[in-house]
Amino acid sequence: MQGEIILKDHNENNAAKEKRVSLDHSRRKILKLGSFAALGAAMGGAALLGKTTPSLAKANSGGTFYPGKLAPNETLNILIVNYDGGTLLDFAGPSEIFHRLPNTHVRYASLNGGDVTLEFGVKYGNTERLVDIEKTDLILVPGGSDLSAPMRPEYQAQIRRLAESAKYVTSVCNGSLVLAATGVLNGKRSACHWAFINKLSEYGAIPVSERFVEDDNGRFMSGGGVTAGIDFALRVAAKLRGEKAAEFTQLAIEYDPAPPFHSGHPRDARPEVIAMVDKVLPGASSGLARIPGVR
């Protein structure tokens with residue numbers, strides 16, 4: 001099932017106009033189908049036709065592409081958990097990558113289904129109900145500026161149920177705090193946004209200050225803060241679908257980051273910039289920033 005984003009445009013009279021932008025829009029269909037077709041051609045059609053081919057493991061230049069854990073014809077079901085207060089980019093970045101992988105199905109679900117109100121009032125709609133999803137191969141819990149909703153017992157119960165039976169348990173940003181609160185990350189290494197990373201230990205997880213972290217041979221995979229979700233998803237794609245599929249997807253979305261400033265992490269940012277963040281999020285520079293929903 002496809003989700004929808006509702007864009008709100010407020011005019012001078014504060015009259016809100018809502019426009020639903022379906023992720024199943026024809027332009028996206030063309031791009032997605034085109035991506036699959038190109039990937040199928042690059043792999044000799046094997047990924048789409050369900051036949052294994054050695055070309056998956058060999059680069060055209062004579063180098064070597066490492067294959068993924070999954071067979072090309074093996075279906076991968078991905079579930080992205082949505083909730084009020086979530087951060088759009090935490091899951092929008094990974095979804096751009098996951099939707100372009102062959103034999104991969106992505107679903108979006110929230111506690112009650114329907115619309116959720118993300119950070120900054122962005123509406124994301126047409127989600128399924130978590131209770132209606134029996135199981136998934138991979139569960140992704142994105143982070144947010146307010147974790148009150150996913151920290152509620154009813155949300156935690158559904159996330160725990162699905163995570164315990166999933167082959168891969170993943171998160172982006174402080175979504176790892178949500179997973180850790182369920183108990184599934186006890187004794188597991190995990191990434192998190194730098195401002196909250198040391199809160200992980202309060203829930204039994206092992207905080208690791210890296211952009212991508214895995215444990216138990218990849219069953220648990222996590223990304224750092226917000227934009228790290230794209231790096232995280234490419235690493236997941238390479239691990240499960242192989243490096244050729246991951247590199248193809250990176251090129252298809254033109255992921256070629258060249259930030260104008262080197263201030264994306266406290267280790268690089270100027271002291272005065274770190275102080276600005278600490279003012280907004282007290283305790284951030286110690287990795288112990290407070291956030292609604294987290295003790």
Side-chain angles (χ1 to χ4, degrees), residues 1-6 23 77-92 94-95 98 105-188 190-193 196-197 199-205 207 219-223 225-226 229 232 289-295:
M1 179 174 289
Q2 301 294 327
E4 292 177 332
I5 296 175
I6 304 171
L23 293 185
N77 294 300
I78 295 177
L79 170 65
I80 296 177
V81 178
N82 297 121
Y83 54 86
D84 290 340
T87 297
L88 176 61
L89 187 53
D90 279 13
F91 70 89
S95 74
F98 294 154
H105 304 292
V106 185
R107 302 169 74 177
Y108 304 81
S110 59
L111 186 64
N112 298 314
D115 295 355
V116 294
T117 303
L118 303 174
E119 187 179 21
F120 307 122
V122 174
K123 292 279 190 180
Y124 189 76
N126 202 26
T127 66
E128 299 180 64
R129 294 196 312 161
L130 286 168
V131 71
D132 293 333
I133 298 177
E134 182 180 356
K135 62 181 180 178
T136 186
D137 298 318
L138 185 152
I139 183 172
L140 168 60
V141 180
S145 59
D146 186 340
L147 299 182
S148 299
M151 287 294 196
R152 295 204 308 264
E154 53 268 39
Y155 246 112
Q156 289 276 291
Q158 291 300 326
I159 293 172
R160 183 185 305 109
R161 174 182 67 82
L162 289 161
E164 287 177 344
S165 62
K167 297 176 183 176
Y168 306 100
V169 180
T170 74
S171 63
V172 170
C173 196
N174 57 20
S176 57
L177 291 176
V178 177
L179 276 177
T182 70
V184 299
L185 294 186
N186 282 342
K188 305 300 181 185
S190 181
C192 189
H193 188 291
F196 311 99
I197 189 165
K199 302 290 288 184
L200 280 170
S201 59
E202 298 179 18
Y203 292 97
R219 179 171 185 244
F220 297 91
M221 294 180 279
S222 53
V226 192
F232 149 86
R290 303 288 298 178
I291 186 171
V294 178
R295 64 189 180 209

Practice task
Evaluate the criterion side chain to side chain contact (heavy atoms under 4.5 Å, CB included) for residue pair Met151 and Val294; output intermediate values, then yes/no.
Solution key: CA-CA 8 Å; Met151 287 294 196; Val294 178; 4.0 Å; yes
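Counting heavy atoms from C-beta on, the side chains of Val81 and Pro150 never come closer than 4.5 Å. The shortest side-chain heavy-atom distance between Val172 and Leu89 does not fall under the 4.5 Å cut-off. Side-chain contact between Ile80 and Asn82 is present, with heavy atoms from C-beta onward closer than 4.5 Å. With contacts defined as side-chain heavy-atom distances shorter than 4.5 Å, the pair Thr136/Arg107 does not qualify.
Distance OG/Ser95 to OH/Tyr108: 4.0 Å, rounded to 0.5 Å. For the atom pair CG of Leu79 and CG of Leu138, the computed distance is 9.0 Å after rounding to the nearest 0.5 Å. Note that the SG atom of Cys192 and the CG atom of Leu200 stand 4.5 Å from one another [nearest 0.5 Å].
Closest of all the heavy-atom pairs between Ser110 and Val116 is CB-CG1, 3.6 Å. Listed here is the closest heavy atom pair of Ala109 and Leu130: CB-CD2, 3.7 Å. Nearest heavy atoms, Phe232 versus Pro94: CD2-CG, 4.4 Å. The minimum heavy-atom distance between Thr127 and Gly114, with the atom names listed, is OG1-O, 2.7 Å. When all heavy atoms are compared, the tightest approach of Ala166 to Arg219 is O-NH2, 2.8 Å.
Proximity of a side-chain donor or acceptor of Lys199 to a complementary backbone N or O of Arg295 within less than 3.5 Å is detected. Of the possible donor and acceptor atoms, none in the side chain of Asn77 sits under 3.5 Å from a partner among the backbone N and O of His105. No donor-acceptor distance shorter than 3.5 angstrom exists from the side chain of Asp115 to the backbone of Lys123, with no hydrogens or angles considered.
Residues satisfying the ring-ring contact (aromatic ring centres under 6.0 Å, His included) test with Tyr83, not counting sequence neighbours, are none. By the side-chain contact (heavy atoms from CB on, under 4.5 Å) test, Ser148 is found to be paired with Asp146, Pro292, residues two or more places apart in sequence or in another chain being considered. Listed by chain and number, the residues in a side-chain contact (heavy atoms from CB on, under 4.5 Å) with Arg152 are Leu111, Ala149, Glu154, Tyr155 (sequence neighbours excluded). Applying the ring-ring contact (aromatic ring centres under 6.0 Å, His included) criterion to Phe196, with sequence neighbours excluded, gives His193.
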Exercise answer: donor-acceptor pairs, residues 176-188 side-chain atoms, under 3.5 Å, sequence neighbours excluded:
residue : atom : partner : partner atom : Å
Ser176  : OG   : Cys173  : O            : 3.3
Ser176  : OG   : Ala191  : O            : 2.9
Thr182  : OG1  : Leu179  : O            : 2.5
Thr182  : OG1  : Val184  : N            : 3.3
Asn186  : ND2  : Gly183  : O            : 3.3
Lys188  : NZ   : Asp216  : OD1          : 3.3
Lys188  : NZ   : Asp216  : OD2          : 2.6

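Among residue pairs with one or both ends in residues 158-175, those qualifying as side chain to side chain donor-acceptor pair (under 3.5 Å) are Gln158-Arg161; sequence neighbours excluded.
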